[in-house]
Amino acid sequence: MESTMSQAPPPEWRFDELSYLLNAYTHTGYAFSDTPDVPGPGLASYLRLAAREPHRAAAAVREIDDLLSVGLFSDEIADEVEELPHIQPPTGTIVEDCLRIVRSHLVRLLQDPSGVPQTNPQNAWEWNHRFPELS
C-alpha cells in the first residue's frame, strides 16, 4: 500500500523543496489551478506551511529559478525532473508558466508572511505535514 507521505529525496538532490511543494498538488487533483492573484488549493496548503517556515519558500524560489534557468527539458536535470511529481498545467499553458506563477506567490509570502491566512489544514497533505505525529 502506498503511503500518503512522500519519500524524502537523497540529500544531494537538486530539487528537494520543489518536490515537497509539488507534492501538495498531488492531494488536490494533480493540476495547477493557481492564478496570478489567487493560489489554488495545493499551493495554498504549501503557503500556509511555508509561512511558518519561510526558509522553505526561499529554497523553493531558488530551485524554481534554477530549473527555469536550465530548462525543464534539459539533459542536465532530466533525471531529477523525472522524479518530481508531474502536475498538469491548464489547457493552453505550459509547466514553466505555472512555475512562474507559483514563484510569484512564494515571493509575496517572503515579502509579507502575514498575508497568508492561517487556518486549519485543508487537506490530507497539509494535515500530514503540519501534524506528522498524527498521520
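Computed from heavy atoms alone, side chains included, the values below leave out hydrogens, waters and symmetry copies.
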[Y] reachable from [X] in the ILVMFWY side-chain graph, under 4.5 Å edges:
X      : Y     : answer
Ile101 : Tyr30 : no
Val38  : Leu21 : no
Ile94  : Leu84 : no

- Item | Side-chain donor-acceptor contact under 3.5 Å, Asp112 with Ser114 |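 Note: Asp112 and Ser114 side chains meet the donor-acceptor criterion.
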- Query: Hey, are Ser19 and Asp16 close enough side-chain-wise for a donor-acceptor pair under 3.5 Å?
  - Reply: no
Side-chain touch [X]/[Y], heavy atoms, less than 4.5 angstrom:
X      : Y     : value
Val107 : Val61 : yes
Cys98  : Pro90 : yes
Ile77  : Asp66 : no
Pro89  : Val95 : yes
Arg14  : Val70 : yes
Ser33  : Pro41 : yes

Of all heavy-atom pairs between [X] and [Y], which one has the smallest distance, and what is that distance?
X      : Y      : value
Leu99  : Ile64  : O-CG2, 3.9 Å
Glu17  : Tyr46  : OE2-OH, 2.7 Å
Gly40  : Asp34  : N-OD1, 2.6 Å
Leu67  : Leu18  : CD1-CD2, 3.9 Å
Asn123 : Ser45  : ND2-OG, 2.8 Å
Pro121 : Phe131 : CG-CE1, 3.9 Å

- Task: Keeping the roles fixed (side chain from Glu80, backbone from Ala78), state whether a donor-acceptor pair exists under 3.5 Å.
- Result: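 No.
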- Message: Is it the case that the ring center of His129 lies less than 6.0 angstrom away from the ring center of Tyr20?
- Response: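 Yes, they do, as the ring centres are separated by less than 6.0 Å.
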- Item | Ring center gap for Tyr25 and Phe32 short of 6.0 angstrom |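 Yes, they do, as the ring centres are separated by less than 6.0 Å.
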- Look at Asp97 together with Arg100 and state whether they make a salt bridge at an N to O cut-off of under 4.0 Å. yes
- Is it true that Arg103 and Glu63 have a side-chain N and a carboxylate O under 4.0 angstrom from each other? no
- Residue pairs involving residues 115-128 (criterion salt bridge (charged side-chain N to carboxylate O under 4.0 Å, His left out); sequence neighbours excluded): Arg48-Glu126
I need the [X] [atom1] to [Y] [atom2] distance, nearest 0.5 Å.
X      : Y      : atom1 : atom2 : result
Leu134 : Asn128 : CG    : CG    : 9.0 Å
Trp125 : Thr26  : CH2   : OG1   : 9.0 Å
Leu49  : Gln118 : CG    : CD    : 8.0 Å

- Query: How would you list, by chain and number, every residue that makes a side-chain contact (heavy atoms from CB on, under 4.5 Å) with Ala57, sequence neighbours excluded?
  - Reply: Ala50, Leu106, Leu109, Leu110
- Task: Measure the acute angle between the ring planes of Phe15 and Trp13, then classify it against the limits of 30° and 60° as parallel, tilted or perpendicular.
- Result: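 Geometry flag for Trp13 against Phe15: perpendicular rings.
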